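Predicted model only: the values in this text are computed from it and were never measured.
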Number of protein chains: 2
Amino acid sequence: MKLTRRSEYALLALTYLGRAATEEWVPLGRIAEAQAIPLRYLEHIVAAMCRAGYLVSSKGQHGGYRLARKPSEITIAEVIRLFDGALAPVESVSKYFYQATPIERETKMLAVLGNIRDYVARTLEGTTLADIL
Amino acid sequence: MKLTRRSEYALLALTYLGRAATEEWVPLGRIAEAQAIPLRYLEHIVAAMCRAGYLVSSKGQHGGYRLARKPSEITIAEVIRLFDGALAPVESVSKYFYQATPIERETKMLAVLGNIRDYVARTLEGTTLADIL
DNA sequence: ACTACTCCGACTGAAACAGTAGGATAACAT
DNA sequence: ATGTTATCCTACTGTTTCAGTCGGAGTAGT
C-alpha cells in the first residue's frame, strides 16, 4: 500500500471540510489554497469523492462542497481504497482486489504478507475522519 | 509499500537458492524455469542482489549463483527496500527514505501512518529467508 | 446579465514497470 | 586451441501510472 498524492490530497480536503461548519458550502478554491493543492487537480479528486458518496456539492454562486456523512462515519481505509486500491502489499493477499501473483506459491511468505495486510486493514478501517481532526 | 514484480522475483530466486545445496553453483536458467521468471529480467534482479552482497557468482561453465550469507541472516525487509524502497505508506514516516509530503501537517494522520510503518518494518525485519523456507 | 461556482472530457510530460536484445567476458571441457 | 556454458554490461522498448493542465459547458444566486 503506497499512498499517492491523490490520496493525500483527498484526506487533506476531507480534514478541511471536517473542520468547517456543518452547514457551510466550502468552495474548492479555499481548500486548494489552504492546503496547497493544485485547484484543477483537486477537482478530479473531489469529483470522485462525490461519486463515492463522501461529499455532496452545490453548484453556482456560494456553492461548494460539504461532507455527506458525519466524520465518524468515514474511514481512512475506504478513502485510500478508492484512490490507491488494495491496502495489501501484494494482490494475492488482498480481500477486495485479489489477483494471482508469482509469490503465491510461497505459503510462508504469503502468511507474513497476509498478516501485514490484516494489520493495515484493521487499523485503517478502525480510524475515521473524526479521529484525525 | 506496494511490492513490484521485481521484489517478488527476487524473493522467489532467494528461496530457490536457499533450498539448493550450500556448495552448489546454481545457474540462472534453472531458477528462471523453476520459478517461471523471464530469464533476461532475472539477470538484472540477481545482479542487484550481487552488488548488495546477498549473492555471490561464479562465471563460466558450471558457474552460477549461491547465497553469500546464511538464510537466517537475510531479512525480507532489506530485500524489499533494495527493490521497492520505503516500507512506509508515505515517505514522511519513512526512516531510511524520508521525504516531505503534503500530509505531514496532519499530525494525527501521521501518527496512524507511522504506526503502520513501524509494524511493517518490525515484522519484515524480524522475518528472514530461513523463516520462509 | 453577470459572477462564482461546479462539472466533464481530453490532453500532456515525466517517470516507473516489466521486460528484450546484443554482445563482451570468463571459466571449464575436450 | 577451441567450443560451450555461463555471467556481465549497456542500451533500448512498449505500456501504464502519476500528477497535473486546459477549455469549455452547466448552474445557481445577485
Side-chain angles (χ1 to χ4, degrees), chain A residues 1-13 17 20 24-33 35-52 54-66 68 80 82-86 90-91 97 99 101-103, chain B residues 1-13 17 20 24-33 35-52 54-66 68 80 82-86 90-91 97 99 101-103:
Chain A
M1 186 230 0
K2 173 84 185 61
L3 285 213
T4 60
R5 283 291 147 89
R6 268 199 313 276
S7 288
E8 292 194 48
Y9 290 158
L11 291 167
L12 286 173
L17 288 170
E24 194 187 1
W25 292 108
V26 182
L28 269 196
R30 225 166 63 224
I31 306 180
E33 198 186 6
Q35 305 283 45
I37 305 172
L39 173 60
R40 302 304 294 265
Y41 194 34
L42 184 57
E43 282 182 7
H44 295 332
I45 293 166
V46 155
M49 289 198 285
C50 273
R51 283 192 296 273
Y54 308 151
L55 303 180
V56 283
S57 68
S58 159
K59 288 180 155 190
Q61 206 168 19
H62 300 120
Y65 298 88
R66 69 162 70 134
I80 292 178
L82 177 63
F83 290 104
D84 289 338
V90 168
E91 266 90 355
F97 298 85
Q99 252 190 298
T101 77
I103 214 164
Chain B
M1 186 229 0
K2 172 85 185 61
L3 285 212
T4 60
R5 282 291 146 89
R6 270 199 311 275
S7 287
E8 291 195 48
Y9 290 159
L11 291 167
L12 286 174
L17 288 170
E24 194 187 2
W25 291 108
V26 182
L28 269 197
R30 222 162 71 219
I31 306 181
E33 198 185 5
Q35 305 282 45
I37 304 172
L39 174 60
R40 301 305 292 266
Y41 195 35
L42 185 56
E43 281 182 7
H44 294 332
I45 294 165
V46 156
M49 289 199 285
C50 273
R51 283 192 296 271
Y54 308 151
L55 304 179
V56 284
S57 68
S58 159
K59 286 181 152 190
Q61 207 167 18
H62 301 119
Y65 298 89
R66 67 161 70 134
I80 292 177
L82 178 64
F83 290 104
D84 289 337
V90 167
E91 266 91 354
F97 298 85
Q99 251 191 298
T101 77
I103 214 165

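By the side-chain hydrogen bond (donor to acceptor under 3.5 Å, both in side chains) test, A/Glu24 pairs with A/Arg30, sequence neighbours left out.
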Can A/Asp84 and A/Met1 be said to form a side-chain contact (heavy atoms from CB on, under 4.5 Å), step by step?
CA-CA 8 Å; A/Asp84 289 338; A/Met1 186 230 0; 5.9 Å; no

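Taking atom CD of B/Gln35 as the reference point, atom P of C/dA18 lies 17 Å away to the nearest angstrom. Between the CG atom of A/Leu28 and the C1' atom of C/dC7 there is a distance of 11 Å, given to the nearest Å. As a whole-Å value, the separation of B/Asp84 CG from C/dA16 C1' is 11 Å. Going from atom CG of B/Leu55 over to atom C1' of D/dC8 covers 14 Å, rounded to whole Å. Following rounding to the nearest Å, A/Arg6 (CZ) and D/dG20 (C1') show an atom-to-atom distance of 11 Å. Here C/dA15 presents its P atom at 14 Å from CZ of A/Arg5, a figure rounded to the nearest Å. What separates NZ of B/Lys2 from C1' of C/dA15 is a distance of 17 Å, to the nearest Å. Spacing between atom CD1 of B/Ile45 and atom P of C/dC17 amounts to 12 Å, rounded to whole angstrom units.
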Shorter than 3.5 Å, N or O on both sides, protein versus nucleotides 21-26 of chain D: list them out with atom names.
| unit_1 | atom_1 | unit_2 | atom_2 | d |
| --- | --- | --- | --- | --- |
| D/dT21 | O4 | A/His44 | NE2 | 2.7 |
| D/dG23 | N7 | A/Arg40 | NH2 | 3.0 |
| D/dG23 | O6 | A/Arg40 | NH2 | 2.3 |

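Remark on DNA chain C: of its neighbouring residues A/Gln61 and A/Arg51, the 5'-side contact belongs to A/Gln61, judged by nearest-heavy-atom nucleotide. Two residues, A/Thr4 and B/Gly29, neighbour DNA chain D, and the one matched to the more 5' nucleotide by heavy-atom proximity is B/Gly29.
Heavy atoms of A/Gly64 sit under 4.0 angstrom from primed sugar atoms or phosphate atoms, though from no base atom. No engagement by B/Phe83 is indicated, since no non-hydrogen atom pair under 4.0 Å with the nucleic acid exists.
In this structure the side chain of A/Tyr9 reaches within 4.5 angstrom of the side chain of A/Pro38, judged on heavy atoms. In this structure the side chain of A/Glu8 never reaches within 4.5 angstrom of the side chain of A/Ile37, judged on heavy atoms. In this structure, B/Val26 and B/Arg66 have side chains that are not in contact, with every pair of non-hydrogen atoms separated by 4.5 Å or more. A/Phe83 has its side chain within reach of A/Ile45: a pair of non-hydrogen atoms, C-beta onward, lies under 4.5 Å apart.
The phosphate of C/dC7 has OP1 or OP2 within less than 4.0 Å of a side-chain N or O from A/Tyr65. Taking only side-chain nitrogens and oxygens, A/Ser58 never comes nearer than 4.0 Å to OP1 or OP2 of C/dC5.
The structure places CD1 of A/Ile31 at 4.0 Å from CG of A/Leu17, a figure rounded to the nearest 0.5 Å.
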